[in-house]
Amino acid sequence: IRLNIDRYSVLEQFNARKDDPQYLADLEEGKEILATIRKEGTVASLNLKDQRADAEKAAVEEEFRQSQAQKLEAEKLRAEQAEKAREEAARKREELERAKAEAALKAKEKREEAEKKRQEA
């Protein structure tokens, strides 16, 4: 285990062992492993980016679906409220018409009573 891994110590160790076939084989194996790790890391990184993009796309689509559902729900609520308002207005018109009819009937009865009293007098 090396404690000193600055550039000069690595070069010094390489120069000391550059003729050792086992050391050179270890270096080549290390280079292959590093290349594989870098390649896999890139692929993993790309996969991670793809997964993130897919997750973001799914989140955006879900948000859109929710907003559409909220819009539909709000539209449905507005339609229900408008229907209730129309029904209330119709009920008030009917009540007003009944009140007018009752008032007209009472007025007619009063006129008839007044007419009877006049004829009797």
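The first residue of the sequence shown is numbered 1, and numbering continues consecutively from there. Hydrogens, waters and symmetry mates play no part in the numbers below; they use all other heavy atoms, side chains included.
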Participant: Going by the rule side-chain hydrogen bond (donor to acceptor under 3.5 Å, both in side chains), which residues pair with Glu80 if we only count those two or more places apart in sequence or in a different chain?
Facilitator: none
Participant: What's the separation between atom CG in Leu105 and atom CD in Glu112, rounded to the nearest 0.5 Å?
Facilitator: 8.5 Å
Participant: Kindly write out the residues that satisfy side-chain hydrogen bond (donor to acceptor under 3.5 Å, both in side chains) with Arg65, not counting sequence neighbours, or none if the list is empty.
Facilitator: Glu62
Participant: Are the charged groups of Lys110 and Glu113 less than 4.0 angstrom apart, N to O?
Facilitator: no
Participant: Quick one: pull up CD in Gln66 and CD in Glu61 and give me the separation to the nearest 0.5 Å.
Facilitator: 12.5 Å
Participant: Got a salt bridge between Arg118 and Glu115, using NZ or NE/NH1/NH2 to carboxylate O under 4.0 Å?
Facilitator: yes
Participant: What is the distance from atom CG of Leu34 to atom CG of Leu27, rounded to the nearest 0.5 Å?
Facilitator: 11.5 Å
Participant: What distance do Leu72 atom CG and Leu77 atom CG have between them, rounded to the nearest 0.5 Å?
Facilitator: 12.5 Å
Participant: Between Glu87 and Arg91, is a salt bridge (charged side-chain N to carboxylate O under 4.0 Å, His left out) present by the stated rule, with each step listed?
Facilitator: CA-CA 6 Å; Glu87 289 173 359; Arg91 186 184 60 77; over 6 Å; no
Participant: Measuring from Phe14:CZ to Leu24:CG, what's the distance to the nearest 0.5 Å?
Facilitator: 6.5 Å
Participant: Knowing that exactly one of Arg78, Lys71, Glu73 qualifies, which makes a side chain to side chain contact (heavy atoms under 4.5 Å, CB included) with Glu75?
Facilitator: Arg78
Participant: Going from CD on Glu109 to NZ on Lys116, what distance comes out if it is rounded to the nearest 0.5 angstrom?
Facilitator: 10.0 Å
Participant: The test is salt bridge (charged side-chain N to carboxylate O under 4.0 Å, His left out); show your working for Lys92 and Glu95 and say whether it passes.
Facilitator: CA-CA 5 Å; Lys92 285 183 179 181; Glu95 287 178 4; over 6 Å; no
Participant: Using salt bridge (charged side-chain N to carboxylate O under 4.0 Å, His left out) as the criterion, list what pairs up with Arg86, not counting sequence neighbours.
Facilitator: Glu83
Participant: Between Glu94 and Arg98, does at least one N-O distance fall below 4.0 Å, as a salt bridge requires?
Facilitator: yes
